[in-house]
Amino acid sequence: MKRYALFLGCTIPARQPNYELSARKALTKLGIELVDLAETTCCAPPPVRSIDLETSLAVAAYNICLAEEAGLDLVTLCSGCFESLSVANNMLKGDEHLKNRINRVLSEVGKEFLGSRSVKHYLQVLVEDVGIERLKRNVSRSLSGLRAAAFYGCHALRPSGLLGLDDPERPRILDDLIEALGAESVEYRNKLKCCGGLLRGYSDELALDLAREKIINASRAGADCIVTLCPFCFVALDMGQLQMRSRYKETYDMPILHYSELLCLALGADPKELAVQTHKVKIDKVLDKVL
Amino acid sequence: MGKLKIAFYWAASCGGCEIAVLDINEKILEVVEKADIVFWPVAMDIKYKDVEAMPDKSIDVCFFNGAIRNEENERMAKLLRRKSKILVAFGSCACEGGVIGLANLWDRNSVFERVYLETPSTRNPESVTPETSVEVAGGELELPKFYNTLKTLAQTVEVDYFLSGCPPPIPCIIQALEAILSGNLPPKGSSLLPNKSVCDECPREKKDRKVSEIKRIYEIEDDFKTCFWDQGVVCMGPATRAGCDAQCPKANIPCTGCNGPGPRVTDQGAAITNALASALTDPQVIKQIVDPVGTFYKYSLAASILRRKLVK
Amino acid sequence: MENVKVGVFLSDCGGQLPKILDFDAIMGYVKGIPGVVLVERSSEFWRGEGIKKILDAVKRGKVNRVVVAESVPKLGEINIAQAVEEAGLNPYLVEVVDLKNGCAWPHRETPREATEKAKAMLLAAVERVKLLEPIEKIEFPVLQSALVIGGGIAGMQAAMDLAELGFEVYLIEKEPFLGGIAARAGTFFPTDDCAICIQSSTSDVKTVTPTSRKCVYRSGISEVPNLKILTNAKVVKVEGVPGNYRVTVEKRPRYVDESKCVGCNLCIEACPVEVPDDYNAGLKTRKAVYINVPNVYPPVPVIDEDACKFHECARCVEVCPSDAINLDQKAELVSLNVGSIIVAVGFREFNPSVIKEYHYDDYPDVITHLELARMIDGFGPTGGMILRPSDRKPAKKIVMIQCVGSRDRRYNPYCSSICCMISLKHAILIKEAHPEIDVTICYIDIRTTGREHEKYYERARELGVKFVKGRPTEVFMDPETKRLIVDVEDALLNRFLELEADLVVLASAFVPAEDAGEIAEILGLELGEDGFFKEYNAKLRPTETKVKGVFICGGAVFPKDAPTSSLHAHSAAIKAAKFLLNGKIVKDQRTAVVKEEYCGDCEFCPVICPYNAISLVQTGNGHFVARVSELLCEGCGVCVGTCPLNAIELKNWRQDQMLTQIRALLSVKASKPLVLAICCSECGHAAVDSSGMAMLQYPASVRVMKVPCTGIIQVQHFLEAFKAGAQGVMVVGCKSDGCHYEVGSQIAGRKVELAKILLKEYGVEPERLEMLNVVYIEGARFAEAARRMVERLEKMGPLRLIESV
Amino acid sequence: MERAEREKAAGLSFPEEVASRLGGETIKLCYQCGTCASSCPVAKITPNFNPRELIKLSLLGERDEVISGDAIWLCCSCYNCQERCPQKVEIAEVIYALRNIAFEEGRIPPIYSEFASALLRDGRIIKVSKFVEKKRSTLGLPPLKPTGVEALTRILSATGFNKLYERRERK
């Protein structure tokens, strides 16, 4: 059994315990042990980076130090956390000068970044530690007939040089994982473009425009739902649709699912255990199709 | 022909050279069969005045180890020169000043301060340092004057042969003794070590001779077969006389240069920096050298071109 | 031991020098130097009556060493050396000093000091000349033959030039047919003629004028006397020395005997195997036995080993009327002896698949320009039609994307230099033949820098080619219409465009030939960071390499259009001819030599030698020692400056000679702090000369010593100079990337840095040592640095090296 | 920014100032090919943001326009441009560097100051409400482990983040 330190970040515990729930269930069921670390903080994502790049590196490195001390690799459910921590981890591993600079900051809290651990997105854990084949064998409720639009968002893939999750131009990981559950992964236009999530709060208009395009393209391609791998994208597309309804006076009804929720369903979970009622756009259409 | 008369003397040195003489093992029997040892303070009870009493040139060969650190060393060097037909500078200290030659980075006062006052183990509440004469009960005591600059034997008197090394390699001592006993000696002024460098005897493989980073020995994972230079470690082998059979590199320690510079070189440290400058891929690497003098001149500072640090 | 008799000949430059220098004092001083037997004074010594005096003294045996003080050093040196040689004295027993530019003029404000410096200069010259030994010249034979690697435009042109000059030439091409990348390109700019059109052989003068051009297969290239063409062949090994290379060529089997084939092509008709035709971008198929296009040389089919079923089928053997097909042919090794080699391996198109956003690898309608060129070619797979590969329907909208993999720091940072012209040429050809086709070129910058090139840009605009200033971010297929869309910002409009396209043509970068690295390795040539062959000197020796007798030309050096390739090829041919012409290399032996008994096998010198002139050999008693090639050594002394045992020396710059010179220069005192300036004989000393010529003043206490290259300098020399009384030392060499011996000045710089570290430890101010990198025109920089050095030393106060014991 | 860097930055031209900062190092490599602009999802929907223009303005030294303008805050950090830039300009990082400069000068959008104050107070940029925290057990989730607010505070004061933030507060 492989053990990981689970890095929750901010959005998930604050807004999406249902995501955490499904991810914990699925991973545990597939033989991954998750350890919760004390004293973690925000991963220092783009909003913090915008204020001070050095601070964001130091904060990310601090959190990695906690994992180093625990002797565990980190797994994240959030692409934002994945990106912040991976970028810091790989930048510092590759740049002695920068590492020393950040370690001078960390010495204030008695930590030293060593670069001895890796940071993974839970999709990587599913592919690398569980394996597609084993995943398929565990599927007790095939999702065949479901047309799912895989949505990668940005920070799971880019900057690719520092993340290495998948090919940033032709990613397959989420598509493969969707198809492993028996569903069909549908192609749609501008699949790899941003959900606009990071503009929320600064320019809701632009953020919604970007999210809207995703919803339209996916429905045009005949998708039953959009599958995300990041709580930020999830909010942008799910909550986003409610806001779109009032802003554009149009009807949007595209269910948004975390991949882990889809996975739990395929592994045979009762939707009630997953607290899916928290979704702003109801996912009953999807449930009807797969149950 | 009668038995040869041989003398050994020990000036400023650690005593290792004396041990090396004993390390020739059973060869010593052959030596004493063919030669009488007439003067050897470490092993025999003979006073200076006995040496002074000897006729000039009455000693056939004198092996002189140690550097010239003080007045007494110099007096004895001159005395033994006068009494000996052949004077051999024996060991790094006599030949190149040796490790103690690094004291030429300081002067008498700073050496005294460090040695007699500052070292953590020193208890010297009255701050006594050596004086050349001291009044004591019963008269005046004289101590030899400690020089500001340590000299090699050749900087003091004319030397006939050099047998460097810290201590000199045993096979070379044996060869030298055989040459002396047989009278089959090279031209005066020669070294009794081979003219090649340690590299010539070293089994390690040389590769591209490019140094992009200088490391100290503990910073590398030695593969036990690649030349230290090609692993980024400064090894004095290229600028050091052969004769030791590269015993340090063979024991996975880079050469530190105890056999002294090659026959056509006066400055061992400068010689190795030439090679280093050629091998560096980036001039900035130069800054990674920790203790350059200690690295390049571990045994030969006193014999180098500039000989010592300037004292203003 | 020879009795050394030095004659010193002092030119007063037509009476100019005595206005500054006290000639009587100088003459008196020189007379007193031991070994000097004759001192003469005249207005000039490098020609006329003056040189006769030197000749006379040598001929009559009065002197056997000559020191001349003359103010035209280089010219004078050559004349004097020649004259002395004629008089029967070895020309390397002469030393020339320049008292005008090196002393009187730059110190004319301090005549007394200048006089003292003149004494020092003459003393150093006399002491040096006393230690000089005669140096001989050696001749090495040069075979009258050459190998040209690569049968593209450049290789063919160079091979024909050399063959027609009378040398025996082998032209080898790794493909089965001549022509190279150019042959695939259709037509050429700016001549608008066929790609396969080259110069015609001058041996053909009976029927056509020698100025005419012809297709490769009509050019008579195969009939040029002395020229032997080997196709389907590659170099596998090169041994030997310049002038006498032994080359092993592997000739792969063609399975069709060139001497028997009559070119009827019955075999091709009969062959049942069809495979995609790579040469034609896979747009059509070809047989297992094939020729690329009808007009190739040799006009003999070749069998594709990977596709042919050989004896299982053998239909071609059955139909061949001349019994030319031999399915059992084997690869053979051919050994060639040549004096010179020209590398003309060309370049190839970059595979743009790695730029995934352009989808070259998975959208069939995204192609490259070479593929488009095949479509435009009437002999090509579409007979000149511009079709979409996906469905073979005519393309109506074409978008070309420039700088694909060029000017891209992720792949090739350089500008491939010909892609703009290729795109313009193709756009024009398409528009002229099919005005209805919409052609858009997306560009970052349009570069049309050659003569007559801009007119292509104009013509394209006239014809209605559209230009969009912007590099597209991606090519994608609209999921609904399945058409290609090029997503680009037009920076001039400040607007985003989604350009629909039937065909997207990528102006893919041009990169080094696949075997460039292998050939470089075989020949010991250097490649640039870009992977192309590196020229000896981009400005002055653009077709030469560091390996004597080996030349480079055409696209092997950098992507080139046809005119430039031709030009380059002719240059390489003339350089090769010049090398071959005498039948021998005469080389004086002012070279390095290893005292083998002292060589410690540390193996630094073979690596550092910029000319690969040093190798390791095993001696009789089992030691490995370095040995210098008398042919390859250029006498720079970089090895000398490296050797930690002083086991290697230049014959005319021995350690004793250098030390003697250092001490002599510093033995005549000056009122200001003495400085030794060690200058290389190239840019370093040229800058000193030029400062003198311009009468720029610097203190006469700066004493100049000339060495071949600063690479010869050792750290010991600095220390010896200080010990001999120098208060400061300057090293004056070429700019580090302009060193005439490649690495010398760079290494000298590092030695200075290292020595500064040592000096600091010795308690000597590191500022007493300085490296100055100059070029000839920077005499003012030298004078300024010399003045500053002396000022600095005056402030520091004197250097007292050994205090009393 | 480290003190030495700050001192170096003073008196530099704007492009150099940006290039001397963490994240801004690659700005001068830009040759205005526009790949970033056509890669940018935001630029396609608003005339107020174009990464190519933003870099051009910076390279021309239009410091005020860049730092006080709206554009630097409109980047959605999707890294599409950076991924495809043929000159390896780290465009997203350059924009962070520009935002850092703006922040140092007290120009910061309210949403970012909300993030910053939440971070300083809770160690998270989004607060976990008591309600949600209590709900965890009913969902069957383990209780949240304490955050490292104390360590974070020390890190933020070591990097000067606190002061940056306070400066904004004063403005």
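Convention: sequence-line order gives letters A, B, ...; per-chain numbering from 1.
With a threshold of 4.5 angstrom between heavy atoms, D:I101 does not approach chain A through any atom at all. Proximity to chain D (any heavy atom under 4.5 Å) is shown, for A:P13, by both the backbone and the side chain. Both the backbone and the side chain of D:Y112 come within contact range of chain A, each with at least one heavy atom under 4.5 Å from a heavy atom of that chain. For D:L144, the part lying near chain A is the side chain, with the backbone staying farther off; criterion is any non-hydrogen pair under 4.5 Å. Using a 4.5 Å cut-off between heavy atoms, D:E114 makes no contact with chain A at all. Proximity to chain A involves both the backbone and the side chain of D:D70, based on heavy atoms less than 4.5 angstrom apart. Of the two parts of A:S79, neither the backbone nor the side chain holds a non-hydrogen atom closer than 4.5 Å to a non-hydrogen atom of chain D. The contact between A:S203 and chain D is made entirely by side chain atoms (from C-beta outward), counting heavy-atom distances below 4.5 Å. With a 4.5 angstrom heavy-atom cutoff, D:S157 does not touch chain A via any of its atoms. Looking at A:L8, only its side chain comes within 4.5 Å of chain D, counting heavy atoms on both sides. Only the side chain of A:E83 comes within contact range of chain D, with heavy atoms under 4.5 Å apart.
Here the CZ atom belonging to A:R49 is positioned 10.5 Å from the CZ atom belonging to D:R99, to the nearest 0.5 angstrom. With rounding to the nearest 0.5 angstrom, the CG atom of D:L120 is 11.0 Å from the SG atom of A:C42. In this structure, the separation between CD1 on D:I125 and SG on A:C10 is 5.0 Å, given to the nearest 0.5 Å. A distance of 10.0 Å separates OG1 of D:T159 from CZ of A:R101, quoted to the nearest 0.5 Å. Distance CG/A:L157 to SG/D:C78: 11.0 Å, rounded to 0.5 Å. In this structure, CZ in D:R84 is found 4.0 Å from CD in A:E169, a value given to the nearest 0.5 Å.
Residues A:G9 and D:R124 share a closest heavy-atom pair of O-NE, 3.5 Å. Between A:K193 and D:S39, the shortest heavy-atom distance links the atoms CE-O, 3.9 Å. Taking each heavy atom of A:A275 and D:L139 in turn, the nearest pair found is CB-CD2, 3.7 Å. Smallest separation of non-hydrogen atoms from A:T41 and D:G148: CG2-O, 3.5 Å. Contact record, D:I126 with A:A14: CG2-CB, 3.7 Å, taken as the closest heavy-atom pair. Closest heavy-atom contact between A:L199 and D:W73: CD2-O, 3.8 Å.
For D:R154 (side chain) and A:V109 (main-chain N/O), no donor-acceptor pair under 3.5 Å exists by modelled atom type. A donor-acceptor pair under 3.5 Å is absent between the side-chain atoms of A:E54 and the main chain of D:L22, judged by distance alone. Between the A:D52 side chain and the D:G160 main chain, no donor and acceptor come within less than 3.5 Å of each other.
Counting heavy-atom pairs closer than 4.5 Å to chain D, the top-ranked of the candidates A:K111, A:R158, A:E20, A:R15 is A:R158. Your options are A:L198, A:L106, A:N63, and the one with the most heavy-atom pairs under 4.5 Å with chain D is A:L198. Ranked by heavy-atom pairs under 4.5 Å with chain D, the list A:L210, A:D209, A:I51 is led by A:I51. Here D:L152 is the residue among D:L156, D:L152, D:V149, D:L98 with the most heavy-atom pairs under 4.5 Å with chain A. When each of D:G23, D:P41, D:A92 is checked for heavy-atom pairs under 4.5 Å with chain A, D:P41 comes out on top. Across D:I111, D:N100, D:I72, the residue that shares the most heavy-atom pairs under 4.5 angstrom with chain A is D:N100. Counting heavy-atom pairs closer than 4.5 Å to chain A, the top residue among D:V42, D:I95, D:I45 is D:I45.
The side-chain heavy atoms of A:C194 and D:N80, taken from C-beta on, include no pair separated by under 4.5 Å. Side-chain contact between D:E93 and A:L53 is present, with at least one heavy-atom pair separated by less than 4.5 Å.
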For this session: Show the numbers, then the answer: is there a side chain to side chain contact (heavy atoms under 4.5 Å, CB included) between D:K145 and A:L37?
Result: CA-CA 7 Å; D:K145 297 260 173 146; A:L37 296 177; over 6 Å; no
Exercise. Could you walk me through whether A:V59 and D:L119 pass the side chain to side chain contact (heavy atoms under 4.5 Å, CB included) check?
Worked result: CA-CA 11 Å; A:V59 172; D:L119 185 69; 5.7 Å; no
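Between A:H155 and D:Y79, the angle of the ring planes goes over 60°, which puts this pair in the perpendicular group of the 30/60° scheme.
Atom CD of A:E205 sits in a sparse spot, with 12 or fewer heavy atoms from other residues, nucleotides or ligands closer than 6.0 Å. Within a 6.0 Å sphere centred on CD of D:E150, other residues, nucleotides and ligands contribute 12 heavy atoms or fewer.
Put simply, the residue from D:C75, D:S77, D:C76 that forms a side-chain contact (heavy atoms from CB on, under 4.5 Å) with A:P46 is D:S77.
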